[in-house]
Amino acid sequence: MIFSNLIKYKYKLALGISLLFHISAIIGLLFTEYNDFFINNTPLNLIISMLLLFYTQQKINKSFWLFFSVCFFAGFIYEIIGVNTGFLFGDYEYSIVMGYKISGVPILLGNLWFITMYCVGSLTFQSYNWLKTNFNFKVSSQIELHLLAIIGAFTAVFLDLFLEPVAIKLNFWQWYPLGEIPIYNYVCWFFGSLILQYLFVNLNFNKKNIFAVYLYVIQLIFFITISLFYK
């Protein structure tokens, strides 16, 4: 009972902090003259989001650390290949907004990949378990693994559909030569995410993190709002 109450408290605290940062950013970007302040503090928001996911994660074990490490470094390597060769995602370049860069890629992009992969994996896992519990939805364990990974990858691409226009508006990165987002970017996002989602479903760590679901929804609402109303 005490442990359950502690977990609920952690979820509420993390949700409150995340809402505070994202709502403040929406208000700051849409209704004040301090746009640069909120844009330049995007790295802080990414770091806090990552720390809140760690804070709300139950029983951090070696498998969880492995997932974090692989997401961070795989995402970073994806981006280095993309920026320097165009072989992945397309022809794009990062600005200085996201912080210190190695080979043209901000280190914090590793954080972004972990946050996205963890949130979509947790959302998919918990939604699937809800379906199983409430509608007696059952498939073989082998099909279940493939289903979770594929849906997780599509969920990541869905988020990126709204993230990309915001990133361009806020000058996180830019696409060349005409500033248009190529379809190839989303294809690469899907397959890059799919690899990491297979890792998520196969590793043995606690995947029931309600805050991860909240964070996905908060980010989605933030991106949609800024995409529609920020000039």
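FYI, the numbering just counts along the sequence from 1.
The line from SG of Cys71 to CZ of Phe114 is 7.0 Å long, rounded to the nearest 0.5 Å.
A centroid separation of less than 6.0 Å is found between the aromatic rings of Phe154 and Phe190. Residues Trp130 and Phe135 bring their aromatic ring centres within 6.0 Å. Aromatic ring centroids of Tyr11 and Phe211 lie 6.0 Å or more apart.
Put simply, the side chain of Ile226 does not reach to within 4.5 Å of the side chain of Phe162, judged on heavy atoms. In this structure, Leu13 and Leu52 have side chains that are not in contact, with every pair of non-hydrogen atoms separated by 4.5 Å or more. In this structure the side chain of Val120 reaches within 4.5 angstrom of the side chain of Gln197, judged on heavy atoms. At least one side-chain heavy atom of Ser49 sits under 4.5 Å from a side-chain heavy atom of Asn45. Contact of the Asp91 side chain with the Trp175 side chain is not registered, since no non-hydrogen atoms from C-beta on lie closer than 4.5 Å. Leu170 has its side chain within reach of Leu29: a pair of non-hydrogen atoms, C-beta onward, lies under 4.5 Å apart. In this structure, Ile218 and Leu15 have side chains that are in contact, with non-hydrogen atoms separated by less than 4.5 Å. Side-chain atoms of Asn35 and Tyr230, non-hydrogen and from C-beta on, do get closer than 4.5 Å to each other.
Annotation for Tyr34: atom OH does not count as buried by contact number, only 12 or fewer foreign heavy atoms lying within 6.0 Å. The local environment of CZ in Phe191 is sparse, with at most 12 non-hydrogen atoms from other residues, nucleotides or ligands closer than 6.0 Å.
Cation-pi geometry between Lys10 and Tyr55 is satisfied (NZ or CZ under 6.0 Å from the ring centre, within 45° of the ring normal).
The aromatic rings of Phe200 and Phe67 sit perpendicular, their planes meeting at an angle over 60°, well past the 30° parallel limit. Ring orientation note: the planes of Tyr92 and Phe89 are nearly perpendicular, at an angle over 60° on the 30°/60° scale.
Within the 3.5 Å criterion, the main-chain N or O of Asn171 finds a donor-acceptor partner in the side chain of Ser95. Side chain of Asp160 to main chain of Ala156: no donor-acceptor pair is present (N/O by atom type, distance under 3.5 Å, no hydrogens or angles). The main-chain N or O of Trp173 is never found under 3.5 Å from a side-chain atom of Glu93 such that the two would form a donor-acceptor pair. Of the possible donor and acceptor atoms, none in the side chain of Ser18 sits under 3.5 Å from a partner among the backbone N and O of Ala14. Of the possible donor and acceptor atoms, one in the side chain of Lys169 sits under 3.5 Å from a partner among the backbone N and O of Ser227. Put simply, the side chain of Tyr118 never gets that close to the backbone of Ala212: no donor and acceptor are under 3.5 Å apart. In this structure, Asn40 contributes its side chain and Asp36 its backbone to a donor-acceptor pair below 3.5 Å. Put simply, the side chain of Glu79 never gets that close to the backbone of Pro106: no donor and acceptor are under 3.5 Å apart. Between the Ser103 side chain and the Ile80 main chain, no donor and acceptor come within less than 3.5 Å of each other.
Test Trp189, Phe73, Trp113 against Tyr78 for ring pair (Phe, Tyr, Trp, His ring centres under 6.0 Å) and you get one pass: Trp113. Each of Tyr214, Phe38, Phe222, Phe223 was compared with His22 under the ring pair (Phe, Tyr, Trp, His ring centres under 6.0 Å) criterion, and only Phe222 meets it.
Checked by atom type, the side-chain pair Gln174/Tyr94 shows no donor-acceptor distance below 3.5 Å. No side-chain donor from either of Asn204 and Asn61 sits under 3.5 Å from a side-chain acceptor of the other.
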Worked verdict on Glu144 versus Lys132 for salt bridge (Lys or Arg N to Asp or Glu O under 4.0 Å)
CA-CA 11 Å; Glu144 182 176 278; Lys132 285 203 302 185; 3.5 Å; yes
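Counting all heavy atoms, side chain and backbone alike, Phe172 lies closest to Thr42 at CZ-OG1, 3.3 Å. Among all heavy-atom pairs drawn from Gln57 and Asn209, the shortest one is N-ND2, 3.7 Å.
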